[in-house]
Amino acid sequence: MRLSRFPLSTTKETPADAEIISHRLMLRAGLIRKLGAGLYTWMPLGLRVMRKVETIVREEMNRAGALELLMPTVQPAELWQESGRWNVMGDEMLRFKDRHKNDFAYSPTAEEAVTSHVRQDIRSYKQLPINYYQIQTKFRDERRPRFGVMRAREFVMKDAYSFHMDMDSLVAEYYNMRAAYTRIFTRIGADFRAVQADSGNIGGAASEEFHILAGAGEDLLAVSTEGDYAANVEAAITRASGLPAPAPIAAMETVSTPGQKTCEQVSKFMNVPLTGKVKLLVAKAADGGLIGIALRGDHELNEIKAAKHPKIASPFEMAKIEDVQAGFGCEVGYLGPVKCPIEVIADYAAAEIGDFVCGANENNAHLKGVNWGRDCAEPETADLRTIVEGDPSPDGKGTIKLLRGIEGGHIFQLGQKYTKAMNLTVLDEKGEAVTPQMGCYGIGVSRMVAAVIEQSFDANGIIWPDAIAPFRVIVTPIGTDKSQAAKDAAEKLYADLIAAGVEAVLDDRGLRPGPMFADADLIGIPHRIVIGDKGLANSQFEYKHRRAEKAEMIAATVAAVLAKLG
RNA sequence: CGGGGCGUAGCUCAGCUUGGUAGAGCGCUUGCUUCGGGAGCAAGAGGUCGCAGGUUCGAAUCCUGUCGCCCCGACCA
């Protein structure tokens with residue numbers, strides 16, 4: 001490619017509205033352009049990068065035995081009604097009517113479509129297992145699109161769906177996909193981590209997310225300092241220590257705490273650490289009533305875990321303030337488990353402390369020296385809190401540290417959620433109808449481009465890993481106003497590189513060196529060859545890797561350049 | 001969907017308080033000079049000030065409505 005024929009659209013000024021580095025650099029380098037909220041045009045330079053990502057994904061999916069197909073993005077409402085998700089998906093799913101006034105959705109995901117396809121097409125156990133995938137535009141009407149293509153409404157996703165006669169087969173494919181994802185993320189050049197995940201509203205049992213580690217990540221990951229444990233904090237479990245609560249020492253007594261409602265206020269007012277306090281939250285119970293959730297003062301409720309508890313309503317919902325005040329006869333700032341009118345479930349950590357402080361269930365009063373079993377009933381215990389840095393790792397090895405990550409991929413064992421709902425069966429060896437097990441596996445292809453930038457840039461711009469760079473090497477002749485030799489040498493090198501199958505780009509715009517270097521750095525081309533009279537006098541080119549501090553001189557031959565490209 | 005903010009040239013923004021000829025920088029075009037880290041000079045092109053209505057002799061500016069966009073807020077590749 002010649003830059004004289006390629007619209008670079010680079011800019012010096014940082015665009016307004018772009019907060020994170022990848023968004024800024026993608027706009028400045030001219031990779032993408034905004035068309036509307038969460039809607040982006042991929043310009044030629046950016047599209048080259050996304051195609052590279054696609055190619056790696058496609059190669060590895062094919063190698064793993066998955067089969068590419070392409071399903072419609074516009075899908076009839078009937079499909080979604082069949083699975084029950086027409087009502088569940090809410091405003092995130094874009095809906096519209098065709099000329100016959102029939103309802104349609106723009107596909108946010110394709111479990112329904114692929115299940116429908118398999119239902120029509122697959123009859124026999126002999127045809128399973130099978131794994132279909134597509135690389136396609138999806139639309140999710142995010143309540144708040146932001147960070148450019150990182151959280152766009154329209155985006156490109158690789159979505160794969162596998163079907164199996166039994167769980168063993170599903171589990172085997174799950175690990176096959178896990179291995180494929182590991183290869184994909186490695187080839188792309190990302191620093192990533194696979195973590196246990198909550199499966200959200202897609203449903204299903206086991207699931208893991210592949211996160212690209214970056215400070216701008218929207219997800220918090222809990223990772224063991226010593227062992228292999230790694231999980232999204234949403235899903236990270238905490239365990240009971242196994243130690244009994246300490247024996248009571250203090251007698252329980254009431255303390256007047258006028259106006260002290262939050263744990264922090266009470267902790268300060270009474271001069272006790274947050275870890276010595278128990279707070280009581282009130283949620284809607286599964287039976288329609290209210291239920292108390294006791295947490296240690298310094299811990300936070302994990303609503304996902306709470307919703308999974310059999311006695312707590314799902315989806316999780318806090319009780320209405322009025323209902324709580326009516327039930328307890330005091331304001332919510334003074335709740336506690338002693339003489340509590342409703343059942344209390346305690347988080348493990350809250351159940352393991354003694355002589356604690358808690359609300360007195362009367363206004364402007366707290367209790368101190370409280371002990372489970374002595375002053376109130378021994379509570380049922382459960383894992384209900386969000387893991388925090390410094391917690392012991394659930395695998396017993398080391399402690400937990402928190403990292404930030406960008407979710408680039410997600411693999412699920414779905415089970416029979418969709419095959420059952422949509423009545424998909426195949427015949428087994430005995431001629432009996434069996435409902436297949438299903439898995440699904442997604443990669444945010446367009447997001448991946450932004451995520452890689454988040455972990456690979458410097459003050460001058462993007463630094464692409466070779467594997468997804470829009471061009472691998474840029475040839476920059478300088479002094480071309482005076483030197484025909486530099487021009488000729490650059491043309492020759494460019495032609496030789498192309499002939500050698502290298503994706504090279506020639507900066508033949510005839511600009512001054514400054515702007516050429518600035519552009520090359522900004523758009524992140526990994527390798528740069530500068531050709532000028534000074535070097536040519538010694539039969540040398542100048543070579544610089546985008547990450548290198550300084551340039552070095554190499555022989556003015558294609559062979560020498562190819563050797564540098566590796 | 002709640003709370004806050006912004007819509008003026010391709011981009012970044014000033015002008016609005018106190019109504020009266022629409023501006024700057026970057027970018028773009030042309031010419032001359034310059035040429036190893038985003039050059040200088042000169043000349044030029046480019047905007048019905050988001051849209052609609054109202055007030056006024058007169059509206060980018062004041063009022064009303066509307067649309068779009070951004071930021072903060074309990075779940076997504």
Less than 4.5 Å apart, any side-chain heavy atom of [X] and any of [Y]?
X	Y	result
A/E542	A/R528	yes
A/I135	A/V156	yes
A/D507	A/L3	yes
A/P470	A/I523	no
A/K305	A/F316	no

Which comes earlier along RNA chain B counting from the 5' end, the contact point of A/G408 or that of A/K544, where each point is its nearest nucleotide?
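Nearer the 5' end of the strand: A/K544.
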A/R33 vs A/E542, nearer the 5' end of RNA chain B by closest nucleotide:
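Whichever sits nearer the 5' end wins; that is A/R33.
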Could you tabulate the donor-acceptor pairs under 3.5 Å formed by side-chain atoms of residues 532-539 of chain A, not counting sequence neighbours?
{"from": "A/D533", "atom 1": "OD1", "to": "A/S483", "atom 2": "OG", "distance (Å)": "2.6"}
{"from": "A/D533", "atom 1": "OD2", "to": "A/S483", "atom 2": "OG", "distance (Å)": "3.3"}

A/F155 ring over B/A77 six-membered base ring, under 5.5 Å and 30°:
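Given the distance and angle limits, yes, they stack.
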Integer angstrom distance from the [atom1] of [N] to that of [M]:
N	M	atom1	value
B/U48	B/U8	C1'	12 Å
B/C57	B/G15	C1'	23 Å
B/G68	B/C75	P	23 Å
B/A22	B/A39	P	34 Å
B/G50	B/C6	P	13 Å
B/U56	B/C62	C1'	10 Å
B/G38	B/G27	P	13 Å
B/A14	B/A9	P	12 Å

Measure [atom1]/[X] against [atom2]/[N] and give the value in whole Å, please.
X	N	atom1	atom2	answer
A/E209	B/C75	CD	C1'	10 Å
A/M43	B/G10	CE	P	16 Å
A/Y543	B/G36	OH	P	23 Å
A/E111	B/C76	CD	C1'	13 Å
A/E218	B/C75	CD	P	12 Å
A/M26	B/C11	CE	P	19 Å
A/H211	B/A77	NE2	P	10 Å
A/I523	B/G37	CD1	C1'	15 Å

Polar-atom pairs under 3.5 Å, protein N or O versus N or O of nucleotides 27-30 of chain B: list them with distances, or write none.
none

Can you check whether A/A520's main-chain N or O pairs, donor with acceptor, with A/R546's side chain at less than 3.5 Å?
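No, A/R546 side chain to A/A520 backbone: no donor-acceptor pair under 3.5 Å.
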Are A/R512 and B/A39 close enough that a side-chain N or O sits under 4.0 Å from OP1 or OP2?
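Yes, because at least one side-chain N or O of A/R512 sits under 4.0 Å from OP1 or OP2 of B/A39.
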Please encode protein proximity along nucleotides 67-74 of chain B as a string of B, S and -, counting only heavy-atom distances under 4.0 Å.
--SSSBB-
Look through every strand shown and name the nucleotide pairing with [N] as Watson-Crick or G-U wobble, where both distances are under 3.5 Å.
N	value
B/U64	B/A52
B/A77	none
B/G38	none
B/G23	B/C13
B/C28	B/G44

Heavy atoms under 4.0 Å, any strand shown: does A/D159 hit a base, just sugar-phosphate, or nothing?
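Contact class for A/D159: none.
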Among B/G36, B/G25, B/C75, the nucleotide that comes nearest once only the side chain of A/E13 is considered
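That would be B/G25.
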If you only use heavy atoms from C-beta on, which nucleotide in B/A77, B/C76, B/C35 is closest to the side chain of A/M157?
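So the nucleotide nearest the side chain must be B/A77.
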Check whether the side chains of A/Y133 and A/N131 place a donor and an acceptor atom closer than 3.5 Å, and report yes or no.
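No - no donor-acceptor pair under 3.5 Å links their side chains.
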Does the side chain of A/S162 pick up a donor-acceptor pair with the side chain of A/E173 at under 3.5 Å?
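There is no such pair (donor and acceptor under 3.5 Å, judged by atom type) between the side chains of A/S162 and A/E173.
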For the pair A/R146 and A/E218, find out whether any cationic side-chain nitrogen is under 4.0 Å from an anionic carboxylate oxygen.
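Counted as a salt bridge, because a side-chain N and a carboxylate O are separated by less than 4.0 Å.
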Take A/R153 and A/Y106, measure what side chain to side chain donor-acceptor pair (under 3.5 Å) needs, and give me the verdict at the end.
CA-CA 11 Å; A/R153 293 196 292 176; A/Y106 192 101; over 6 Å; no
